[in-house]
Amino acid sequence: KNDFILIAGSNGSGKTVLMNIIANLEKATSGKIINNSKEFNLNSHIGIIFQDADSQILGETPEEDILFGLKNLNLRKDETEKKLKEVLSFCELENKKHSPARLMSGGEKRRLAIASILALDCDIIILDEPFANLDWKGVKLVTSILKKLKEKNKTIIILTHEIEKILALTNRFIIINNGNLVFD
């Protein structure tokens with residue numbers, strides 16, 4: 001809980017498989033997921049931000065995309081509006097609220113995917129290659145959001161090859177090779 005973990009490894013090392021097992025998208029063939037010395041309940045709130053943000057955006061606008069998840073939480077209208085405003089501000093997307101999502105930059109789409117997950121109040125947030133296809137400005141904005149999430153004591157797991165961009169924020173660094181833990 002409250003860890004900021006970086007998981008690195010070459011292509012095919014098992015990072016994405018591990019992410020999918022943690023998020024209960026795939027079943028492990030062996031072993032157990034342990035969290036705080038207890039077998040981990042895979043049904044807790046786990047949010048994934050995929051490497052390709054486009055595959056995660058469902059709404060025509062950032063507002064519509066974020067509201068999609070919020071509507072499924074059955075919140076009161078005032079709570080929904082408050083949460084929408086909060087996450088748009090947190091991810092610096094207030095001025096893009098009504099913009100066509102498909103026309104946003106890669107960095108804006110990545111921040112929208114993060115905002116949509118944050119709106120759901122997930123216990124664990126997993127980001128798969130959060131800097132893929134971003135320019136330097138996008139990298140800085142995503143990194144600043146991750147820093148703010150760390151300050152809010154969110155549990156964050158980052159899967160990336162670009163360790164130099166995020167290692168300073170982490171408190172745990174793991175390397176996987178061929179599905180095996182080689183460094184922790």
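Index from 1, following the sequence.
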Flag the pair [X] / [Y] as yes when at least one side-chain heavy-atom distance between them is below 4.5 Å, and no otherwise.
X	Y	answer
Leu84	Leu67	yes
Val182	Ile176	no
Met19	Ile48	yes
Ile157	Leu127	no
Leu112	Asp65	yes
Lys165	Val142	no
Gln51	Thr16	no
Lys97	Thr61	no

Step-by-step side chain to side chain contact (heavy atoms under 4.5 Å, CB included) determination, Thr155 to Ile125: CA-CA 6 Å; Thr155 300; Ile125 301 169; over 6 Å; no

Whether over 12 other heavy atoms sit under 6.0 Å from Lys148 NZ: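 Yes - once you tally the heavy atoms of other residues, nucleotides and ligands closer than 6.0 Å, there are more than 12.
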
Heavy atoms from other residues, nucleotides or ligands near CG of Asp54 exceed 12 (cutoff 6.0 Å):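 Buried by this count: over 12 neighbours within 6.0 Å.
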
Worked check of side chain to side chain contact (heavy atoms under 4.5 Å, CB included) between Leu181 and Ile174: CA-CA 7 Å; Leu181 178 72; Ile174 295 171; 3.2 Å; yes

Transitively linked via ILVMFWY side-chain contacts under 4.5 Å: [X] with [Y]?
X	Y	result
Ile175	Phe131	yes
Ile158	Leu25	no
Leu58	Leu103	no
Ile156	Ile5	no

Considering non-hydrogen atoms only, spot the tightest contact between [X] and [Y] and give its length.
X	Y	answer
Ile7	Lys15	O-CD, 3.6 Å
Phe4	Asn171	N-OD1, 2.6 Å
Ile66	Ala115	CD1-CB, 3.9 Å
Ile46	Cys122	C-SG, 4.0 Å
Glu26	Asn20	OE2-ND2, 2.9 Å
Met104	Lys109	O-CE, 3.2 Å

Sequence-distant partners of Phe68, ring-ring contact (aromatic ring centres under 6.0 Å, His included), two or more places apart: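 Listed in chain order: nothing, the list is empty.
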
Between Lys27 and Asn24: side-chain donor-acceptor atoms closer than 3.5 Å: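 Side chains of Lys27 and Asn24: pair found under 3.5 Å.
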
Side-chain H-bond candidate by donor/acceptor type, Asn177 with Ser13, under 3.5 Å: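 Short answer, no.
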
Stepwise side chain to side chain contact (heavy atoms under 4.5 Å, CB included) test for Phe173 and Ile163: CA-CA 9 Å; Phe173 178 40; Ile163 61 176; 4.0 Å; yes

If I take atom [atom1] from residue [X] and atom [atom2] from residue [Y], how far apart are they, to the nearest 0.5 angstrom?
X	Y	atom1	atom2	value
Ile166	Lys147	CD1	NZ	10.5 Å
Ile117	Ile124	CD1	CD1	13.0 Å
Ser116	Ile57	OG	CD1	7.0 Å
Lys140	Leu134	NZ	CG	13.0 Å
Leu159	Leu18	CG	CG	7.5 Å
Ser10	Asn178	OG	CG	7.0 Å

Verdict with supporting geometry, Asp78 and Arg76, salt bridge (Lys or Arg N to Asp or Glu O under 4.0 Å): CA-CA 6 Å; Asp78 62 320; Arg76 292 188 330 258; 3.1 Å; yes

Taking the side chain from [X] and the backbone from [Y], do they hold a donor-acceptor pair closer than 3.5 Å?
X	Y	answer
Arg110	Pro130	yes
Glu92	Arg111	no
Glu64	Glu60	yes
Lys96	Pro62	no
Asn2	Lys154	no
Asp128	Phe50	no
Thr170	Leu167	yes

Evaluation steps, salt bridge (Lys or Arg N to Asp or Glu O under 4.0 Å), between Lys82 and Glu79: CA-CA 5 Å; Lys82 180 181 178 203; Glu79 292 174 314; over 6 Å; no

Phe90/Leu149 under side chain to side chain contact (heavy atoms under 4.5 Å, CB included): CA gap, chis, key distance, verdict: CA-CA 10 Å; Phe90 190 83; Leu149 289 172; 3.7 Å; yes

For Leu118, the option from Leu120, Asp121, Ile114 that meets side-chain contact (heavy atoms from CB on, under 4.5 Å):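 Considering Leu120, Asp121, Ile114, a side-chain contact (heavy atoms from CB on, under 4.5 Å) with Leu118 is found only for Ile114.
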
